[in-house]
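Everything below concerns the one structure shown next.
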Amino acid sequence: MPRRIVRTSIQLFVVVCLALATIFFLDTRYRVLPAKLHAWSPIHHAGYVVTDITVTVCSIASVLSTCELSEEWHRIEKDLYLGRSWLSTAYVYVQRKKEENLLDTDPVVLDVRVGRINPGLEDKEQQGNAKWESRPGGLWLLRSTSPHVADSNNAITAVDVLYGPDAVDPRLGWSVRASSLLLNVDKDAPEPRISLRKGQPPKPPAKPQPRIGHDGRFKIVQVSDMHLATGLGICRDEFPATDHCEADIRTLEFVSEVLDTEKPDLVILSGDQINGETAPDSQTALFKMADLFVSRKIPYALIFGNHDDSGSMSREALMELVEGLPYSLSERGSPAIDGVGNYYIEVLARGGLHHSALTLYMLDTHAYSPDESKFKGYDWIKPSQITWFHDTASTLKASTEHKDYAHHHLDMAFIHIPLPEYGIPEKMIKGSGEWREPPTAPGFNSGFKNALIEQGVFAVSCGHDHVNDYCNVDSHSESENSATTSDASKAGRGKLWMCYAGGSGYGGYAGYGGFKRRVRVWEFDMTEGHVETWKRVDGEKERHDHKRVVRNGQVIDAE
C-alpha cells in the first residue's frame with residue numbers, strides 16, 4: 001500500500017510539472033496565462049518595455065510647434081541640439097508600459113535604425129508580424145504585437161541619447177546606434193545618437209575586489225586630466241604638432257596604449273576626466289573614459305577635479321552614474337563629509353586571505369576658493385575630511401585585517417589639486433620629473449600633509465598642474481611633535497612623497513615650451529615591501545624617471 005501511494009505521488013508530481021512546463025511554454029508564444037500569473041514567469045520583464053519612440057522639433061518662430069507631448073510620453077531630458085540652435089529645440093520621446101499592462105494591440109519595439117531608407121527593404125529576417133515604421137529624425141522602428149515579443153531578449157526596454165561619432169555606452173546590455181539622428185545640427189556640434197538596452201535589466205555588477213597577484217606584485221596606472229569632451233574635442237598645445245588633431249581620439253589612444261603595455265591591476269583617475277566647458281553632455285564624456293577600462297575588465301576608481309562638474313552634471317550626479325558602471329570602485333562617500341568622493345580602497349593580500357595589504361585613500365579637493373578675498377585660487381581639504389581620514393586610518397590599523405598581515409602594510413593617497421607643500425623647490429627629488437609651471441595649490445594650508453605623515457602614508461599623488469610631473473619628499477613640520485608623529489617616524493614612515501601624474505589629455509592645456517602627454521605608474525612588490533614609480537609618455541616606448549619610493553617598508557628619498 002505505501003509503495004502504491006509513493007508511486008502515485010511521483011506520477012502526479014511529474015504530470016503537474018509537465019503541465020506547468022507546457023503552460024509556460026505556450027505562454028511564451030501565445031500569452032495563455034492571465035497577467036497576474038504571467039508575472040511569476042521566469043521570462044517576465046519586471047520593468048518596462050518600449051512601445052514607441054519619436055522625435056519632436058519645436059521652434060520659437062512657430063506658435064504651432066511644441067516640445068510637449070501627452071502624459072503617456074516620457075521625454076529624455078537632453079536637447080538634441082545641445083542648446084546650440086537659436087530658434088529650435090528637439091527631444092526624443094519614449095512610450096513604455098509594464099509588461100503585465102500590455103494589451104493585445106500594444107506593439108513592442110524590437111529594433112531601432114537610423115537612415116533615409118526603410119530597413120525593411122533589405123531586412124529579410126523580420127519576426128512574425130513585425131513591421132518597420134518611420135518616425136521623425138530618420139528613425140525607423142521595428143514593432144510587433146506578437147504575444148510573446150515583450151518577453152524576448154529582443155524587446156527594447158530602455159532608450160538614451162549620447163553625442164558624437166565616438167560615443168560609446170559601457171553599461172551592461174546597452175549599445176549605441178552607429179548613425180546619428182537626421183537633424184539640422186550645426187556642423188561643429190556633436191550629432192545625437194540613440195543608445196538602447198534590450199531585454200531584462202541586468203543585475204548591478206558586483207564591485208571587483210583588488211588583490212595582490214600571486215607573484216606578490218600590484219600595479220596602478222594613475223591617469224589625470226584627460227579633459228574629455230562631448231564629441232571629438234579640440235586639441236590644445238599639441239606637441240609635436242600635426243596637421244590634424246582630434247583631442248579625445250588622441251587621448252583615448254594614448255591611454256589605451258599604456259593600459260595594453262602596463263596591464264595594470266587598477267586604474268586611479270585623479271580628476272578632470274571631463275572638460276566641462278566642452279562637454280555639454282557630461283554623460284557622453286564620462287562613458288568614453290569608462291569604456292577604456294570596462295572593455296579591458298580593469299577595475300578603476302576616480303576622484304573629481306575642478307572641471308568635471310562644470311558641464312551638464314553635478315558631482316553628485318556624475319558619481320551616482322559611475323558608481324553603477326561595471327568594474328567601478330568609485331564611491332560617493334559619506335554626505336556628512338565635505339565633498340563628493342571621500343573613500344578608501346582595500347587591496348587584499350594574495351591568495352584567499354582577507355587581510356589588507358594596501359590601503360588607498362581617495363579625497364575630494366573640491367574646486368575654487370570659497371573666499372577669494374583672503375585666499376585666491378583653489379579650494380582646500382576641509383577639517384571634516386581630515387577628521388574622517390584620521391578616524392578611518394586609525395580604525396583600519398586597529399582591525400585584525402590590517403594587524404594580521406604578515407608583510408609591510410602600505411598606505412597611499414590620491415587627490416586632484418596639489419597641497420601647498422608641493423611648491424617647495426628645494427624638496428624636489430632630482431630626476432623625478434620637471435617643474436614647468438608654478439604649482440597652483442590652495443592659498444590656505446589646512447594641514448593635510450601632516451595628517452598623512454601622522455598616519456604613515458608613504459605617498460600622495462595629484463594632477464591639476466598638467467605640465468608638472470615631479471615628486472617632492474617632505475617630513476613632518478618641526479612644530480608638530482605629537483605622539484602619532486613619533487610613532488610614524490619609528491615605523492619608518494616619517495617621510496611623504498608628493499608626486500604629480502602629469503596631464504594625459506589633449507583637450508587640456510600643455511604648452512610651456514612643448515609637453516608630451518603622460519601618465520604615472522606605481523608598482524608594489526608586497527613580498528619585499530618595495531614601491532617604484534615611473535611615467536609613460538605618449539609616442540615613446542621607454543619608461544621615464546624610474547624611481548624607488550619605498551624599500552623594505554621604509555620610505556626613502558630616492559634610489
Quiz item: Do the side-chain N and O atoms of Glu277 and His227 include a donor-acceptor pair separated by under 3.5 angstrom?
Solution: no
Quiz item: Can Ser195 and Asp169 be counted as having a side-chain donor-acceptor contact under 3.5 angstrom?
Solution: yes
Quiz prompt | Cationic N near anionic O, under 4.0 Å, Asp52 to Arg135 | solution = yes
Quiz prompt | Stepwise side chain to side chain contact (heavy atoms under 4.5 Å, CB included) check, Gln283 with Met313 | solution = CA-CA 8 Å; Gln283 181 184 14; Met313 298 176 71; 4.1 Å; yes
Practice problem: Determine whether Glu253 and Ile249 make a side-chain contact, defined as any pair of heavy atoms from C-beta on separated by less than 4.5 Å. | Solution: yes
Practice problem: Classify the side-chain pair Thr51/Asp106 by whether it contains a donor and acceptor separated by less than 3.5 Å. | Solution: no
Quiz prompt | Shortest non-hydrogen contact from Val176 toward Val168 | solution = CG2-C, 3.9 Å
Self-check item: Ring-face cation of Arg250 near Tyr506 (centre distance under 6.0 Å, axis angle within 45°)
Solution: yes
Self-check item: More than 12 heavy atoms from other groups under 6.0 Å of CZ on Phe515
Solution: yes
Quiz item: Strictly by modelled atom types, are Asn129 and Ser146 linked by a side-chain donor-acceptor pair under 3.5 Å?
Solution: yes
Self-check item: Exercise: do Gln200 and Asn153 side chains pair donor with acceptor under 3.5 Å
Solution: no
Self-check item: Residue pair Cys499 / Arg520, side-chain heavy-atom distance below 4.5 Å
Solution: yes
Quiz item: side chain to side chain contact (heavy atoms under 4.5 Å, CB included) between Tyr300 and Leu325: does it pass, once the steps are laid out?
Solution: CA-CA 10 Å; Tyr300 60 99; Leu325 294 179; 3.4 Å; yes
Quiz item: Is the His464 ring parallel, tilted or perpendicular to the His416 ring (thresholds 30°, 60°)?
Solution: perpendicular
Quiz item: So do the side chains of Ile417 and Thr440 get within less than 4.5 Å of each other, counting heavy atoms only?
Solution: no
Practice problem: Would you please say whether a donor-acceptor pair under 3.5 Å links the side chains of Asn342 and Ser334? | Solution: no
Practice problem: I would like to know whether Asp364 and Arg315 meet side chain to side chain contact (heavy atoms under 4.5 Å, CB included); could you show each step before the answer? | Solution: CA-CA 10 Å; Asp364 184 8; Arg315 266 168 151 75; 3.0 Å; yes
Quiz prompt | salt bridge (Lys or Arg N to Asp or Glu O under 4.0 Å) between Asp281 and Lys78, intermediate numbers included | solution = CA-CA 8 Å; Asp281 184 63; Lys78 292 185 177 183; 3.1 Å; yes
Quiz item: Is the CG atom of Leu182 crowded by more than 12 outside heavy atoms at less than 6.0 Å?
Solution: yes
Quiz item: Does a donor on one side chain sit under 3.5 Å from an acceptor on the other, for Glu346 and Thr359?
Solution: yes
Quiz item: Does a side chain donor of either Thr261 or Glu257 reach within less than 3.5 Å of an acceptor in the other side chain?
Solution: no
Practice problem: Would you check, one step at a time, whether the test side chain to side chain contact (heavy atoms under 4.5 Å, CB included) holds for His307 with Gln273? | Solution: CA-CA 8 Å; His307 288 281; Gln273 290 73 238; over 6 Å; no
Quiz item: In this structure, are over 12 heavy atoms from other groups packed under 6.0 Å from Ile117 atom CD1?
Solution: no
Practice problem: Decide yes or no on salt bridge (Lys or Arg N to Asp or Glu O under 4.0 Å) for Asp237 and Lys516, but give the supporting numbers first. | Solution: CA-CA 9 Å; Asp237 303 321; Lys516 293 183 178 181; over 6 Å; no
Quiz item: Is Glu262 salt-bridged to Lys219, going by a charged N under 4.0 Å from an acidic O?
Solution: yes
Quiz item: Is the shortest heavy-atom distance from the side chain of Lys382 to the side chain of His366 under 4.5 Å?
Solution: yes
Quiz prompt | Minimal non-hydrogen separation, Ser504 against Thr251, with atom names | solution = O-CG2, 3.7 Å
Quiz prompt | Presence of salt bridge, Arg517 and Asp225, under 4.0 angstrom | solution = no
Quiz item: Is the closest side-chain heavy-atom distance between Val114 and Leu139 below 4.5 Å?
Solution: yes
Exercise. Take Arg236 and Glu238 through the test salt bridge (Lys or Arg N to Asp or Glu O under 4.0 Å) and record every step on the way to the result.
Key: CA-CA 6 Å; Arg236 297 179 61 185; Glu238 181 196 11; over 6 Å; no
Practice problem: Take the SG atom of Cys245, take the SG atom of Cys235, and say whether they are under 2.5 Å apart. | Solution: yes
Quiz item: How far does CG of Leu162 sit from OG of Ser180, to the nearest 0.5 angstrom?
Solution: 13.0 Å
Quiz item: Closest heavy-atom contact between Ala501 and Ser224?
Solution: CB-CB, 3.9 Å
Quiz item: If only atom types and distance count, is the side chain of Lys207 paired as donor or acceptor with the main-chain N or O of Ser328 below 3.5 Å?
Solution: yes
Quiz item: With respect to Asp308, which candidate in Leu302, Ile303, Leu228, Ile274 satisfies the side chain to side chain contact (heavy atoms under 4.5 Å, CB included) definition?
Solution: Ile274
Quiz item: Would Glu191 and Arg193 pass as an ion pair if we require N to O under 4.0 Å?
Solution: yes
Practice problem: Measure the spacing between CZ of Phe389 and CE of Met362 and express it to the nearest 0.5 Å. | Solution: 13.5 Å
Quiz item: Does a sphere of radius 6.0 Å around CG in Asp371 hold more than 12 heavy atoms from other residues, nucleotides or ligands, not counting ones at 6.0 Å or beyond?
Solution: yes
Self-check item: Between Asp379 and Ser369: side-chain donor-acceptor atoms closer than 3.5 Å
Solution: no
Quiz item: Taking atom types as modelled and ignoring hydrogens, do the side chains of Asp79 and Tyr91 form a donor-acceptor contact shorter than 3.5 angstrom?
Solution: no
Self-check item: For the student: nearest non-hydrogen atoms of Arg296 and Asp260, plus distance
Solution: NE-OD1, 2.9 Å
Practice problem: Could you label the plane-to-plane angle of the Trp522 and Phe414 rings as parallel, tilted or perpendicular, counting under 30° as parallel and over 60° as perpendicular? | Solution: perpendicular
Exercise. Answer yes or no: are there more than 12 heavy-atom neighbours, outside Glu437 itself, under 6.0 Å from its atom CD?
Key: yes
